[in-house]
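One structure below.
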Amino acid sequence: MDGNGDFRSDLLTAKERDLSPLFEESAEALDLDSDQAVQMEAFLDEAWFGGTYTGHAQVLGWAKKRGTEVPPPDMPLIESEFKGLMEASAEALNLSVIATIHAWGILGRAWVAGVHSCRNELMAHLVTSTTDVAAEAQRWLEENGK
């Protein structure tokens, strides 16, 4: 598998790791029926992938401007997209007000998890694709008498 395939695989593994507990929490806490659970899973995916776009933009900014402050992401666009996601989820899930607010909190956590996972996986991929980790470990061991 090429490096991009490894990255895609790692990112999808991170998605499952991030979203599985959020899906379980939402199914239990919101008392979702099977149709609502399928919809919530799709909303969680959408929120998580939305977060990955911001995480990706941040890493690109860091790579292009090492040592300088990276400008913040386009917050009005992010807010608009997330507001649309929240409104669509409220309409589709048709929950009580309290449950809808709880669902939105879970979707917000999915978005944040997407940001963090994308940044982490991209940085790990960049490090491992540009550094011979085994050679660096060997060099360190030799220098430190291990």
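Numbers here are sequence positions counted from 1.
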(message) How close do Phe82 and Trp111 get, counting heavy atoms only, and between which atoms?
(response) CE1-CB, 4.2 Å
(request) Kindly compute the distance separating CD1 (Ile106) from CG (Leu22), expressed to the nearest 0.5 Å. (result) 7.0 Å
(request) Report yes or no: does Gln36 contribute a side-chain atom to a donor-acceptor pair with the main-chain N or O of Asp33 at less than 3.5 Å? (result) yes
(request) Check Phe23 against Ala37 and note the closest heavy-atom contact, atom names and distance. (result) CE1-O, 3.2 Å
(message) Applying salt bridge (charged side-chain N to carboxylate O under 4.0 Å, His left out) as the test, list every pair that has at least one member in residues 94-112; sequence neighbours left out.
(response) Glu25-Arg109
(request) Check whether any side-chain N or O of Thr52 sits under 3.5 Å from a backbone N or O of Phe49 as a donor-acceptor pair, and report yes or no. (result) yes
(request) With rounding to the nearest 0.5 Å, note down the distance linking CG in Leu85 to OG in Ser80. (result) 11.5 Å
(request) Indicate the atoms forming the closest heavy-atom contact of Ala92 with Gln39, along with that distance. (result) O-OE1, 3.2 Å
(request) Please round to the nearest 0.5 Å and tell me the distance separating atom CD1 of Ile101 and atom CE of Met86. (result) 10.5 Å
(request) Please answer whether the main-chain N or O of Glu16 pairs with a side-chain N or O of Ser20 as donor and acceptor at a distance below 3.5 Å. (result) yes
(message) Which heavy atom of Cys118 sits nearest to which heavy atom of Gly55, and what is that distance?
(response) SG-C, 4.2 Å
(request) Quick one: closest heavy-atom pair of Arg17 and Ser117, and the distance? (result) NH2-OG, 3.3 Å
(request) Starting at CG of Leu95, measure out to CG of Leu32 and round the result to the nearest 0.5 Å. (result) 6.0 Å
(request) Give the minimum heavy-atom separation between Ala113 and Asp18, together with the two atoms involved. (result) O-OD2, 3.4 Å
(request) Decide yes or no on side chain to side chain contact (heavy atoms under 4.5 Å, CB included) for Glu81 and Leu77, but give the supporting numbers first. (result) CA-CA 6 Å; Glu81 289 176 355; Leu77 176 63; 3.6 Å; yes
(message) Under the rule for salt bridge (Lys or Arg N to Asp or Glu O under 4.0 Å), what residues qualify as partners of Glu41, not counting sequence neighbours?
(response) none
(request) Please round to the nearest 0.5 Å and tell me the distance separating atom CG of Asp6 and atom CG of Leu11. (result) 12.5 Å
(request) Step through the shown structure and confirm whether more than 12 heavy atoms of other residues, nucleotides or ligands are within 6.0 Å of OH on Tyr53. (result) no
(request) To the nearest 0.5 angstrom, please state how far the CZ atom of Phe43 sits from the CD atom of Glu46. (result) 7.0 Å
(message) Please determine whether residues Leu12 and Trp48 belong to a single hydrophobic cluster, defined as Ile, Leu, Val, Met, Phe, Trp and Tyr linked transitively by side-chain heavy-atom distances below 4.5 Å.
(response) yes
